Amino acid sequence: MATYETLLVEQREGGVSLITINRPQALNALNGQVLADLTAAFSAYAADDTQRCAVVTGSEKAFAAGADIKEMVDKAAADFFIEDFFSGWQANLVATRKPWIAAVAGFALGGGCELAMMADFILAADTAKFGQPEIKLGVAPGMGGSQRLTRAVGKAVAMEMCLTGRMIGAEEAKQSGLVARVVPAAELVEEAVRTAQTIAAMPPLAAMINKEMVNLAFESGLAQAIQIERRLFQILTATDDRTEGMTAFIEKRPGVWKGR
Ligand code: CAA
């Protein structure tokens, strides 16, 4: 398996890729190398039919403490524009059609919070702290955070977080709808892997389409999204796995999936 300068990647039982960001000296700050490594790791995950769900995690102290400020400090505005800085995150991670979970312990700040929100959902350790402190650096979220955070937690909490830089803890993040579940820190990674194994055991096409449907709620108007949802449902009914899934239910046995 490929090795990466800033990531550890393991394949776990049941078709789960566990991707750990590993830049402890910078609290996993997201520099160009992390983006290049995540792009390559996601591309390998997407291309490998044996891998059905991924987990992205960090360390106990930091999921990621933001975009790398030391990399950005001397860049001119024209450089950010010409490089279309941050566009690679959307193109290479968000565009992944297969499911992935963010397992967050410690700091998820700025780009770290934004990376977690790019995942299909977030599992948080009880130590997790989410924030968008960019305002303190004279900037604002640049990897989708102002949009995804607002849709996840609503205007009031998102606005307060963006305007004050206040971090919210795991319980507040759960109450606000930012995270799916909170688990004890010591159990985070194994619980995320178990959850990913549950998803990986599902019919893979249905997993991709369920993901696309829920994302539609984020990305389009309700009437159009409901129509696209209905069409995608109708397309799924053409798969062998749909026939198998419904038959297996009626025959009271587990389904056996072909991925077609
Ligand atoms: N970029 C670069 N380096 C970072 C970093 C970042 N975002 N966050 C932490 N580091 C580095 C520190 O500079 C420090 O390095 P040195 O030992 O070489 O000085 C090392 O990681 C450890 O950090 P601290 O000593 O600061 O650790 P702490 O426990 O005292 O504080 C913290 C932890 C509160 C997370 C603090 O590090 C911090 O505030 N980090 C910056 C958070 C931030 O502003 N993030 C937003 C970045 S901008 C952004 O993300 C834009 C966007 O929209 C995508």
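Quick caveat: nothing in here was measured; it's all calculated off a predicted structure. Order of listing sets the numbers, starting from 1, for every ligand and every atom in it.
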Please tell me whether Gln51 and Ser17 have a donor and an acceptor in their side chains that are separated by less than 3.5 angstrom. yes

Checking Arg97 now: which residues fulfil side chain to side chain contact (heavy atoms under 4.5 Å, CB included) with it, not counting sequence neighbours? Met208

With no hydrogens and no angle check, is any side-chain donor or acceptor of Asn22 less than 3.5 Å from a backbone partner on Leu7? no

Is the backbone of Ser87 close enough, under 3.5 Å, to the side chain of Asp84 for a donor and an acceptor to pair up by distance? no

For residues 221-260, the ring-ring contact (aromatic ring centres under 6.0 Å, His included) pairs (sequence neighbours left out) are none

Give the table of side-chain donor-acceptor pairs shorter than 3.5 Å for residues 105-128, with sequence neighbours excluded, one pair per line with atom names and distance.
{"residue": "Glu114", "atom": "OE1", "partner": "Gly111", "partner atom": "N", "Å": "3.3"}
{"residue": "Glu114", "atom": "OE2", "partner": "Gly142", "partner atom": "N", "Å": "3.2"}
{"residue": "Glu114", "atom": "OE2", "partner": "Met143", "partner atom": "N", "Å": "2.7"}
{"residue": "Glu114", "atom": "OE2", "partner": "Gly144", "partner atom": "N", "Å": "3.4"}
{"residue": "Glu114", "atom": "OE2", "partner": "Gly145", "partner atom": "N", "Å": "2.8"}
{"residue": "Asp120", "atom": "OD1", "partner": "Lys211", "partner atom": "NZ", "Å": "3.0"}
{"residue": "Asp120", "atom": "OD2", "partner": "Trp100", "partner atom": "N", "Å": "2.8"}
{"residue": "Asp120", "atom": "OD2", "partner": "Lys211", "partner atom": "NZ", "Å": "3.2"}
{"residue": "Asp126", "atom": "OD1", "partner": "Ala185", "partner atom": "N", "Å": "3.2"}
{"residue": "Thr127", "atom": "OG1", "partner": "Gly106", "partner atom": "N", "Å": "3.4"}

At a heavy-atom distance under 4.0 Å, which protein residues reach ligand 1? Sort them by chain and number, would you? Gln25, Ala26, Leu27, Ala29, Lys61, Ala65, Gly66, Ala67, Asp68, Ile69, Lys70, Met72, Phe86, Phe107, Leu109, Gly110, Gly111, Glu114, Pro133, Glu134, Leu137, Ala140, Pro141, Gly142, Met143

